[in-house]
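First comes the structure, then the notes that go with it.
First the proteins, then the strands, lettered A, B, ... as listed; each starts at 1.
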Number of protein chains: 2
Amino acid sequence: MPRVVPAVIRALDILELFLDRSQLSARDVAERLALPRTTVHELLVTLVARSYLISVPGQPVEYRLGLPLFQLGSAFAGRLDLVREAQSVARDVAAACNEAVHVAVLDGADVVYLVKVDSTHPVRMVSGVGLRLPAHCTAVGKVLLAGLDRPALNAVLAGGALAGMTADSITDPDRLREHLERVRAEGVAVDNGESDTAMRCVAAAVRDHSGATVAAMSLSAPIIRWTPAGHEEWAGLVREGAATLSARMGFVATPR
Amino acid sequence: MPRVVPAVIRALDILELFLDRSQLSARDVAERLALPRTTVHELLVTLVARSYLISVPGQPVEYRLGLPLFQLGSAFAGRLDLVREAQSVARDVAAACNEAVHVAVLDGADVVYLVKVDSTHPVRMVSGVGLRLPAHCTAVGKVLLAGLDRPALNAVLAGGALAGMTADSITDPDRLREHLERVRAEGVAVDNGESDTAMRCVAAAVRDHSGATVAAMSLSAPIIRWTPAGHEEWAGLVREGAATLSARMGFVATPR
DNA sequence: TCGCTCCGTTCGAAATTTCGAACCAAGGTT
DNA sequence: AACCTTGGTTCGAAATTTCGAACGGAGCGA
């Protein structure tokens with residue numbers, strides 16, 4: 001196996017710092033990555049030369065992500081049937097319930113949101129797309145984990161105790177395994193304040209032609225609008241939406 | 001000014017090859033970039049190690065773009081007020097005319113599409129986002145070029161004859177300058193088959209708080225649905241939509 | 001089966017990059 | 001004004017990477 005190119009790794013490390021912060025100075029970067037100042041300047045100059053970062057004049061100069069990343073990200077998404085189909089299905093589901101609808105995929109022990117459709121409230125549509133959260137704290141994540149086979153799930157949970165996002169998050173791997181059994185049985189997962197104490201979510205699995213769980217669709221609302229009756233209706237809607245998207249991904253439901 | 005890091009440049013060059021092709025082999029990459037095979041393998045291994053590229057098993061192995069690019073691209077878009085506001089305005093305009101609406105920005109001599117909202121036809125919403133086209137062949141591009149001052153426009157046109165996308169494209173810089181005078185006078189630009197012989201577009205400028213043209217909004221339809229009456233109505237709609245988005249970007253219209 | 005081409009990988013000398021030391025400018029404090 | 005800290009930049013020896021040569025495997029055609 002050929003060796004990795006450390007300079008490239010460092011450049012990617014720098015780009016990824018900007019996932020959490022919109023602007024950073026050279027000093028910020030050097031501190032966060034424990035790199036020498038000169039090295040950081042050379043890498044930043046390189047990324048700016050290709051517009052992957054944009055420099056913001058000031059004292060100190062700061063940097064922001066640049067347009068080429070948007071182009072590459074869009075190229076990625078544009079080639080993913082899942083994203084294209086999920087956009088329209090999610091819009092239909094959101095229109096039916098007037099709450100936010102998301103579609104996410106599993107990446108390691110996290111979920112990454114590919115699609116978000118908000119309700120008719122003031123639109124902040126793009127903000128959650130691309131976001132990464134711990135799978136075990138989210139309804140979509142629990143659906144995705146429930147779809148893993150035993151060895152894959154064990155690999156994800158191999159790190160021992162799980163970090164919670166709120167006091168309600170499940171942090172014990174064995175408890176999560178029991179919970180996922182229930183998710184499998186019911187076909188939906190619920191986030192009862194585990195990722196955000198003020199939110200409630202319900203999610204269902206999206207499957208592809210082979211029957212594998214490849215994504216999860218969720219419906220989420222602030223707790224002030226969450227009711228038992230609403231919950232039942234929303235579970236039904238998200239099940240239908242996920243089934244529609246699954247059909248578009250080639251899934252053929254068989255009687256069970 | 002610190003030196004650029006050539007290994008990083010080469011890695012970015014590789015990523016950018018995937019804007020035009022969804023899958024490429026190591027040999028493809030080596031040929032397109034005139035790099036030694038071993039160098040290419042080391043760079044590919046590095047990008048795969050960080051999931052920026054995904055390897056597709058086969059003979060030969062091929063590579064595709066990976067999820068982190070989507071995350072970085074989404075982070076870029078999520079921090080751009082223009083994208084957030086343009087999503088909702090474009091949706092309203094698209095709903096009013098049931099044709100495709102785009103918002104694009106100028107990058108060098110090209111436009112890059114930030115937002116695309118399709119009509120109620122079978123949805124292929126994401127496909128044009130992130131796409132780069134020559135500015136002078138598109139309605140949005142002509143609006144954006146018209147908004148440049150003379151030195152900036154001269155810099156863009158410094159390369160002499162322009163490459164056309166169709167037989168209708170303007171390829172003579174002087175003719176384009178005349179055309180842009182007309183765009184400035186009318187406040188809208190038209191693409192009469194200059195980027196795609198089967199399409200017609202009309203576009204208007206989006207301005208920010210300083211009055212600068214920062215983006216362009218367009219409405220496009222296939223030629224079979226393009227009529228003089230429709231053209232007038234659509235020019236009006238795109239003007240209104242651009243004005244709404246401009247207001248959201250802080251533009252205050254002054255009497256002229 | 002054999003021969004050939006292509007592909008993935010390994011290894012180390014030559015080529016290139018890294019990063020510490022040094023310099024200068026800008027900004028802030030006394 | 002003087003001093004100190006921070007930030008951007010330069011330069012070259014030491015450290016690291018590049019890439020040609022070589023190897024072995026896979027696939028294809030005769």
*Verify, without hydrogens or angle tests, whether T46(B) (side chain) and V5(A) (backbone) share a donor-acceptor contact under 3.5 angstrom.*
yes
*Give me the residues of residues 22-46 of chain B where at least one heavy atom lies under 4.0 Å from an atom of DNA chain C, by number, or none.*
A26(B), R27(B), R37(B), T38(B), H41(B)
*asked:* salt bridge (Lys or Arg N to Asp or Glu O under 4.0 Å), that's the test. Do D13(A) and R32(A) meet it? Break it down for me.
replied: CA-CA 10 Å; D13(A) 282 338; R32(A) 284 157 193 257; over 6 Å; no
*Side-chain contact test, heavy atoms from C-beta onward, threshold under 4.5 Å: evaluate it for L162(B) versus L157(B) and give yes or no.*
yes
*Applying the side chain to side chain contact (heavy atoms under 4.5 Å, CB included) test to L145(A), which of V140(A), T138(A), L153(A) qualifies?*
L153(A)
*Figure out the CZ/P separation between R10(A) and dA15(D), and round it to whole Å.*
15 Å
*Among dT9(D), dT17(C), dT16(D), find the nucleotide with the atom closest to the side chain of P6(A).*
dT16(D)
*Whole-Å distance separating the CZ atom of R3(A) from the C1' atom of dG8(C)*: 15 Å
*Most 5' of V5(A) and P60(A) on DNA chain D, judged by nearest nucleotide*: P60(A)
_If I take atom CD in residue Q59(B) and atom P in nucleotide dG25(D), what distance separates them, rounded to the nearest angstrom?_
14 Å
*Say whether, by atom type as modelled, one donor and one acceptor occur between the side chain of R184(B) and the main chain of A146(B) under 3.5 angstrom.*
yes
_Ring-plane angle category for Y113(A) and H102(A), please: parallel below 30°, perpendicular beyond 60°, tilted otherwise._
perpendicular
